[in-house]
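Only one structure is covered here, and it is reproduced in the block below.
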Amino acid sequence: MKTQFTTIIEPFRIKSVEPIRMTTRAERVAKLKDAHFNLFALKSDDVLIDLLTDSGTGAMSAEQWAAIMRGDESYAGSPSYYRFKDSVQELMPFEHIIPTHQGRAAEAILVSIFGGTGKHIPNNTHFDTTRGNIEASGAQAYDLVIEEGKDPSSLFPFKGNMDLAKLEAFLEEHGDAVPIVMLTITNNAGGGQPVSLANIRAVSQLAHRFGKPFIIDSCRFAENAYFIKQREEGQQYRSIKDIVRDCFAVADGMTMSAKKDAFGNIGGWLAFNDDDLAEKARVRLIQTEGFPTYGGLAGRDLEALAQGLHEIIDEDYLKYRIRTNEYIVERLDKMGIPVVKPAGGHAVFVDAKSWLPHIDPLAYPAHTVAVKLYELGGIRSCEIGSVMFGRQTDGSEKPAAMELVRLAFPRRTYTQSHADYVVEAFEMLQAEKDSLTGFKVIKEPKLMRHFTCEFAPL
Ligand SMILES: *Cc1c(COP(=O)(O)O)cnc(C)c1O
């Protein structure tokens with residue numbers, strides 16, 4: 001007798017829909033040529049299922065749309081700011097909450113305070129905009145994730161953890177040249193893998209022992225907390241909110257992209273406890289973003305985020321969210337397609353280096369998969385490999401640690417049948433993969449080339 005459900009349903013129903021425009025394979029072949037094989041250059045209405053990013057692409061709730069009507073557009077002291085600030089402080093108990101138009105603006109302000117030539121900034125893995133901001137200031141960015149985090153097949157539960165021995169050695173070696181210690185939760189560039197609460201606390205202790213502020217890049221804090229609840233000894237019976245608060249209680253500041261775990265289409269913030277740091281940040285904010293009670297945002301955006309932060313810690317939502325990725329990872333794994341395991345929080349990562357060993361890393365196997373996936377199914381994904389990280393600051397090119405294809409799921413946007421369609425596209429790709437030959441870059445900018453560079457097939 002059946003007494004338990006095994007189907008995890010989307011914990012929402014749909015009030016408003018956006019049609020998907022269907023395209024043929026022949027049309028998509030032409031679109032790829034027009035885009036010089038860079039998926040960022042596609043028009044999004046030529047995409048059937050857009051898994052390029054989970055950033056700002058989620059569906060807002062009815063309550064968020066209602067909150068938008070409450071938006072107060074006063075230049076200074078808007079009640080929308082105070083609702084936003086209270087919502088943030090309920091989860092992240094920092095003194096100073098400084099809104100920005102998105103995460104990278106918060107990073108730019110952070111780096112304007114702490115970056116500069118000769119500085120060395122460690123992280124588990126810097127995200128591309130974080131690295132870009134640091135390097136543009138003349139400082140150097142270092143990735144000190146644990147070894148398990150670089151092994152796509154390792155089943156270690158917290159593959160986003162910082163390597164504490166490496167961090168300690170790093171702090172001893174570089175001394176005063178290290179202005180801050182950063183930690184990214186979840187570790188986006190390393191497969192969306194979580195960081196344990198124990199590791200967050202240990203990194204904080206190490207940073208403080210060496211007198212360095214500890215800053216969390218917090219974009220997917222709720223997904224990270226859900227993993228802590230599922231996987232970390234002693235956390236099973238705690239609320240997501242309590243776990244989140246514990247994570248931030250040991251930090252001196254945070255950067256945030258509210259386009260991720262705040263259910264926003266735009267937004268971000270920077271937070272500090274220290275008054276002097278906050279003052280420096282606000283001076284910069286006024287120069288680059290706006291007055292401190294709106295940052296680069298409209299009052300209505302702040303309202304949407306204030307409400308979004310209440311919704312993001314809902315466990316039924318997080319369960320469905322994480323399960324979507326697990327489901328696809330299980331199905332691809334059964335087909336023999338190498339995927340990063342365990343499934344990450346916001347995305348499925350296919351290990352293109354193992355799947356297409358006949359393509360040299362500098363012929364971009366992950367980019368090759370992403371292009372083919374669009375051609376076959378109109379699915380847009382994102383390369384996280386040597387296109388994104390291969391170009392070095394000295395101008396040379398070196399293979400990235402991993403060649404990943406990221407299928408990032410917008411929040412509350414796609415359903416089970418969309419997931420099944422993605423799996424079918426991989427079945428087709430499996431049959432064609434041995435005939436693929438890779439790409440070369442024919443035109444690129446100086447920094448962060450993956451957004452705008454042009455490719456030619458080899
Ligand atoms: C998205 C992201 C950022 C940058 O935020 P934006 O809002 O896109 O500017 C920084 N760090 C991580 C880990 C991210 O995922």
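Bear in mind that the values here come from a model prediction, so they are computed numbers and not experimental data. Both counts, for ligands and for their atoms, begin at 1 and track the order of listing. Note: hydrogens, waters and symmetry copies are ignored here, and every other heavy atom, side chains too, is used.
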among protein heavy atoms, the one nearest atom 7 (O) of ligand 1 is Ser257 OG, 2.6 Å
To the nearest 0.1 Å, how far is atom 8 (O) of ligand 1 from its closest protein heavy atom, and which atom is that?
Arg104 NH2, 2.9 Å
Counting only pairs under 3.5 Å, give me each side-chain donor-acceptor contact of residues 386-395, with atom names and distances, residues two or more places apart or in other chains.
| from | atom 1 | to | atom 2 | distance (Å) |
| --- | --- | --- | --- | --- |
| Ser386 | OG | Ala400 | N | 2.9 |
| Ser386 | OG | Glu403 | OE2 | 2.5 |
| Arg391 | NE | Glu444 | OE1 | 3.1 |
| Arg391 | NH1 | Gly395 | O | 3.1 |
| Arg391 | NH2 | Glu444 | OE2 | 2.8 |
| Gln392 | NE2 | Phe389 | O | 3.4 |
| Gln392 | NE2 | Gly390 | O | 2.8 |
| Asp394 | OD1 | Ser396 | N | 2.9 |
| Asp394 | OD1 | Ser396 | OG | 2.7 |

Do me a favour and list the nearest non-hydrogen protein atom to atom 3 (C) of ligand 1 with residue, atom name and distance?
Phe127 CD2, 3.4 Å
Return the closest protein heavy atom for atom 4 (C) of ligand 1 as residue, atom name and distance.
Thr129 OG1, 3.5 Å
Subset of ligand 1 atoms that lie under 4.0 Å from at least one heavy atom of Thr184
13 (C)
Does the side chain of Pro194 reach to within under 4.5 Å of the side chain of Glu223, using non-hydrogen atoms?
no
Using a strict cut-off of 4.0 Å, indicate which atoms of ligand 1 neighbour a heavy atom of Arg220.
15 (O)
Is the charged tip of Lys260 near the ring of Phe127: under 6.0 Å from the six-membered ring centre and within 45° of its axis?
yes
Write out the residue and atom name of the closest protein heavy atom to atom 11 (N) of ligand 1, then the distance separating them to 0.1 Å.
Asp217 OD2, 2.8 Å
Mark the output for Cys219 as yes if a heavy-atom distance to ligand 1 is under 4.0 Å, and as no if none is.
yes
May I ask you to list the atoms of ligand 1 that are less than 4.0 angstrom from any heavy atom of Lys259?
7 (O)
Lys260, His346, Arg131: member with heavy atom nearest to atom 15 (O) of ligand 1:
Lys260
The one among His126, Glu107, Gln102 that brings a heavy atom closest to atom 6 (P) of ligand 1
Gln102
Val350 versus Trp355: any side-chain heavy-atom pair under 4.5 Å?
yes
Measure from NZ or CZ of Arg412 to the centre of the six-membered ring of Phe263 and say whether it is under 6.0 Å with the direction within 45° of the ring axis.
yes
Per-atom filter on ligand 1: closer than 4.0 angstrom to a heavy atom of Gly103 are 5 (O), 6 (P), 7 (O), 9 (O)
Evaluate the side-chain proximity of Tyr317 to Arg411: yes if any heavy-atom separation is below 4.5 Å, no if none is.
yes
Determine the minimum heavy-atom distance between His208 and Phe214, stating which atoms define it.
NE2-CB, 4.1 Å
Not counting sequence neighbours, which residues clear salt bridge (charged side-chain N to carboxylate O under 4.0 Å, His left out) with Asp252? List them please.
none
